[in-house]
Amino acid sequence: MRRLLILIVMVLAAPGVAFASSEKVSLETQHWSWQGLFGSYDQAQIKRGFKVYKEICASCHALKLVAYRNLADIGFTEEEIKVIAAEKEIQDGPNDMGEMFTRSARPSDPFVAPYPNDSAARVANSGALPPDLSLIAKARAGGPDYLYSLLVGYAEAPADIALVPGMTYNRVFPGHQIAMPQPLFEDMVSHDDGTSSSLPQLAKDVTAFLNWTAEPELNARHSLGLKTLAFLILLTALFYALKRQMWADVH
Amino acid sequence: MTASNNAIVRWIDDRLPIFTLMRHSTSEYPTPKNLNYWWNFGSLAGFVLVVMILTGIFLAMNYTPHTAYAFESVERIMRDVNYGWLLRYLHMNGASMFFALVYIHLFRGMYYGSYKSPREVLWWIGIIIFICMMATAFMGYVLPWGQMSFWGATVITNLFSAVPLVGTEIVTWLWGGFSVDNPTLNRFFALHYLLPFAIFGLLFIHLWALHTVKSNNPLGIDIKGPQDSIPFHPYYTIKDLYGIGVFLLIYLFFVFFAPNFFGEPDNYIPANPMVTPPHIVPEWYFLPFYAILRAVPDKLFGVVLMFASILVLFVLPWLDTSKVRSARFRPIYKQLFWIFVLDCLILGWIGAKPPEGAYLVIGRIATIYYFAHFLILLPLTGWFEKPRPLPDSIGAPTVKR
């Protein structure tokens with residue numbers, strides 16, 4: 001009964017708490033290549049974003065739902081994927097001798113997580129758990145605009161905000177105190193194709209990559225959607241004409 | 001009467017009159033000739049039910065009802081199953097579409113008095129279908145095992161703890177344990193698979209009742225002779241097909257270009273019993289009822305009121321004391337109808353807001369109005385309203401003044 005009461009209080013109070021702490025922050029709305037009826041992913045941008053993820057984000061954040069083989073979707077060749085996968089080691093087994101062994105990752109493996117489990121991740125990050133990023137672009141209100149705004153939203157804390165030790169000020173993070181220190185800085189990742197390595201550019205590219213991990217089907221979805229809607233417009237017009245014709249003697 | 005010129009068809013029909021049945025209920029079924037486009041929504045809802053069952057069967061082939069695998073099996077459908085994303089987005093958005101269509105269908109029945117004699121049983125079966133739909137949708141939303149799935153299931157099943165004396169026992173029985181957990185997910189999956197077939201059966205009883213009492217129409221007067229009606233086929237089959245075309249354009253726009261428009265971002269976070277989401281909200285189609293539930297300070301009374309808000313529909317045919325069906329000829333009821341629609345929209349808006357301050361006050365006023373509409377305004381209007389003169393027949397809809 002007591003457990004139940006606590007739950008009810010929690011559930012009834014939760015929206016109120018959220019309301020109290022959520023003054024509207026405006027996101028820095030960007031134009032993303034995949035938005036709109038004709039939108040599709042910019043493969044070069046997603047590849048750049050993958051590099052940012054691999055060199056920076058991957059040291060704390062897992063991508064459990066993405067396998068190395070999926071990188072073929074964003075333009076990596078089979079050979080390149082084998083090399084990327086082989087950089088990581090995973091535990092496999094048991095073998096014929098009944099023993100677990102370590103081997104390098106293969107294209108069919110999911111991205112190797114930086115920590116073996118959540119507890120290990122918390123210990124390494126002073127109690128905070130870096131979330132898996134596979135679906136992050138769909139799991140936050142505002143989606144890619146929120147991710148971008150968060151990545152460029154680090155600033156000096158205003159004087160009236162007392163930061164909890166170990167926390168960093170962020171303009172768009174709910175409550176403005178985030179356990180993740182600023183992850184991206186200018187020139188942290190360099191690109192071969194001459195794309196600038198400014199902070200906004202890095203943030204945009206990695207956001208594009210994370211949108212792809214959340215919605216890998218988007219290109220196929222948009223292309224099938226356009227064909228389907230075009231067909232349906234014709235079919236519906238035909239039905240309408242038929243309806244008019246058949247009903248002509250009723251009216 | 002011969003069923004057909006075809007000897008095989010005749011042979012079968014003499015033994016099982018299935019072709020005669022089909023002819024009676026489609027090509028020969030006399031339908032009022034003046035039905036407007038608001039009468040398309042019943043057939044549209046039936047169409048979506050079929051879409052939901054078909055996509056659901058194929059989703060079930062790839063889904064794992066276990067707390068440890070449910071979330072990832074849904075993501076496997078999205079990523080690795082051929083056109084799995086299409087199946088799931090059709091199913092997900094289909095639920096929202098189904099409710100939108102059924103709500104319009106229901107309000108159409110209210111506006112044109114379709115629940116009045118002799119259509120009370122037809123109306124009842126419709127409400128039973130609606131209740132089954134709500135149960136199915138609620139349990140379906142739990143299956144992806146995201147944060148909203150888990151916490152929505154926790155909040156809604158906990159409502160039953162308000163039952164006096166045996167509340168806690170009922171909740172434990174519903175859960176199959178001491179919290180929402182694997183047994184809950186398993187039984188919700190089984191019931192989510194079962195109930196749509198029950199709805200499918202109810203749909204045929206709904207149609208049986210409909211074909212017995214015949215369709216109502218915008219004038220709300222009976223068919224008086226053959227000049228008032230037309231055969232269902234081809235007139236309404238083509239009209240329904242046109243409706244399906246328009247509907248599919250809207251439905252598939254969401255499926256292909258805004259598939260998560262009706263969803264909550266939180267449900268893409270795997271369920272975590274240790275972390276409560278800051279804002280637990282049900283899907284949009286439950287919001288008005290959620291608002292009624294939270295309008296009442298007492299939990300038991302809130303739950304009772306929420307169920308009463310649906311059950312009151314069963315006695316609507318007797319609460320509405322007017323003999324005139326269509327709101328076209330009821331000047332006061334027509335206005336009350338639109339105020340009631342507005343009241344339901346306000347309740348939906350309040351359901352999405354936290355229950356505090358002005359929201360709570362507005363929610364309470366809207367809840368009181370909801371019940372006042374049925375229990376006070378409708379009976380009084382029927383007694384005191386002066387309806388406008390009814391036309392003589394559907395064929396001659398103009399009235400001599």
Side-chain angles (χ1 to χ4, degrees), chain A residues 1 3-4 7-8 10-12 14-22 36-37 39 64-67 70 131-132 134-143 146 174 214-218 220-226 228-229 232-233 235-247 250-251, chain B residues 33-34 72 75-76 78-80 83-86 89 146-147 151 154-155 158 161 167-168 171 178-179 230 234-235 237-249 252-253 255-257 259-260 263-270 276-281 294 299 353-357 359:
Chain A
M1 194 61 209
R3 193 171 44 84
L4 189 77
L7 182 85
I8 295 163
M10 243 160 64
V11 164
L12 293 181
V17 173
F19 189 67
S21 65
S22 70
L37 291 185
K64 284 182 202 156
L65 299 175
V66 185
N70 295 131
D132 185 282
S134 312
L135 282 167
I136 204 82
K138 285 206 282 195
R140 295 290 181 273
Y146 171 77
E215 303 190 292
E217 85 296 343
L218 185 138
R221 175 154 60 77
H222 280 192
S223 126
L224 184 61
L226 281 177
T228 308
L229 291 192
L232 270 177
I233 288 169
L235 186 74
T236 307
L238 186 73
F239 282 148
Y240 182 64
L242 274 170
K243 192 257 161 192
R244 286 286 298 258
Q245 198 189 22
M246 286 185 185
W247 278 71
V250 177
H251 289 305
Chain B
K33 60 198 280 187
N34 61 335
E72 281 190 37
E75 278 307 314
R76 206 184 80 82
M78 293 296 290
R79 289 156 195 269
D80 290 338
Y83 291 99
W85 57 266
L86 182 57
Y89 280 157
Q147 273 288 67
W151 288 100
T154 305
V155 172
N158 257 312
S161 69
T168 321
V171 175
F178 299 101
S179 65
I230 45 178
Y235 292 103
T237 34
I238 185 64
K239 196 176 177 182
D240 281 346
L241 278 176
Y242 169 53
I244 286 177
V246 174
F247 165 71
L248 277 178
L249 275 169
L252 295 184
F253 171 79
V255 167
F256 285 112
F257 296 102
N260 294 302
E264 274 294 315
D266 272 41
N267 225 28
Y268 282 109
I269 304 170
T276 317
H279 202 150
I280 300 176
V281 279
R294 298 190 305 177
K299 189 179 174 193
K353 297 289 179 191
E356 58 183 20
Y359 295 137

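The structure displayed is predicted, hence computed values, not measured ones.
Heavy atoms of B:V255 lying under 4.5 Å from chain A belong exclusively to its backbone. At a 4.5 Å heavy-atom cutoff, the contact between A:L65 and chain B is made by backbone and side-chain atoms alike. Both the backbone and the side chain of A:I233 come within less than 4.5 Å of a heavy atom of chain B. Heavy-atom distances place both the backbone and the side chain of A:L224 under 4.5 Å from chain B. Using a 4.5 Å cut-off between heavy atoms, B:N34 makes no contact with chain A at all. With a 4.5 angstrom heavy-atom cutoff, B:I230 touches chain A only via side-chain atoms. Residue A:L238: no heavy atom, backbone or side chain, is found under 4.5 Å from chain B. Residue contact with chain A, scored on non-hydrogen atoms closer than 4.5 Å, is absent for B:I244. Heavy atoms of B:Y83 lying under 4.5 Å from chain A belong exclusively to its side chain.
Nearest heavy-atom pair, A:R221 versus B:F256, reported as atom, atom and distance to 0.1 Å: NH1-O, 2.8 Å. Taking all atoms of both residues into account, the shortest heavy-atom contact from B:F257 to A:L229 is CE1-CD1, 3.7 Å. Taking each heavy atom of B:R79 and A:A214 in turn, the nearest pair found is NH2-O, 3.8 Å.
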Worksheet entry | B:F253 vs A:L37, side chain to side chain contact (heavy atoms under 4.5 Å, CB included): CA-CA, chis, key distance, verdict | CA-CA 9 Å; B:F253 171 79; A:L37 291 185; 3.7 Å; yes

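The candidate with the highest count of non-hydrogen atom pairs below 4.5 Å against chain B, out of A:A237, A:G225, A:A141, is A:G225. Contacts with chain A were tallied for B:N260, B:D80, B:I238; B:I238 has the most, counting heavy-atom pairs under 4.5 Å. Annotation: maximal heavy-atom pairing with chain B below 4.5 Å, among A:R140, A:E215, A:K64, occurs at A:R140. Most heavy-atom pairs under 4.5 Å with chain B: of the set A:A139, A:A220, A:G143, this distinction falls to A:A139.
Remark: B:E72 CD is loosely packed, at most 12 non-hydrogen atoms of other residues, nucleotides or ligands lying under 6.0 Å away.
Summarising the geometry, atom CD belonging to A:E217 is positioned 5.0 Å from atom OH belonging to B:Y89; distances are rounded to the nearest 0.5 Å. The OG1 atom of A:T228 lies 10.0 Å from the CG atom of B:L248; values are rounded to the nearest 0.5 Å.
Between B:Y235 and A:W247, the ring planes lie perpendicular to each other; the angle is over 60°, past the 30° to 60° tilted range.
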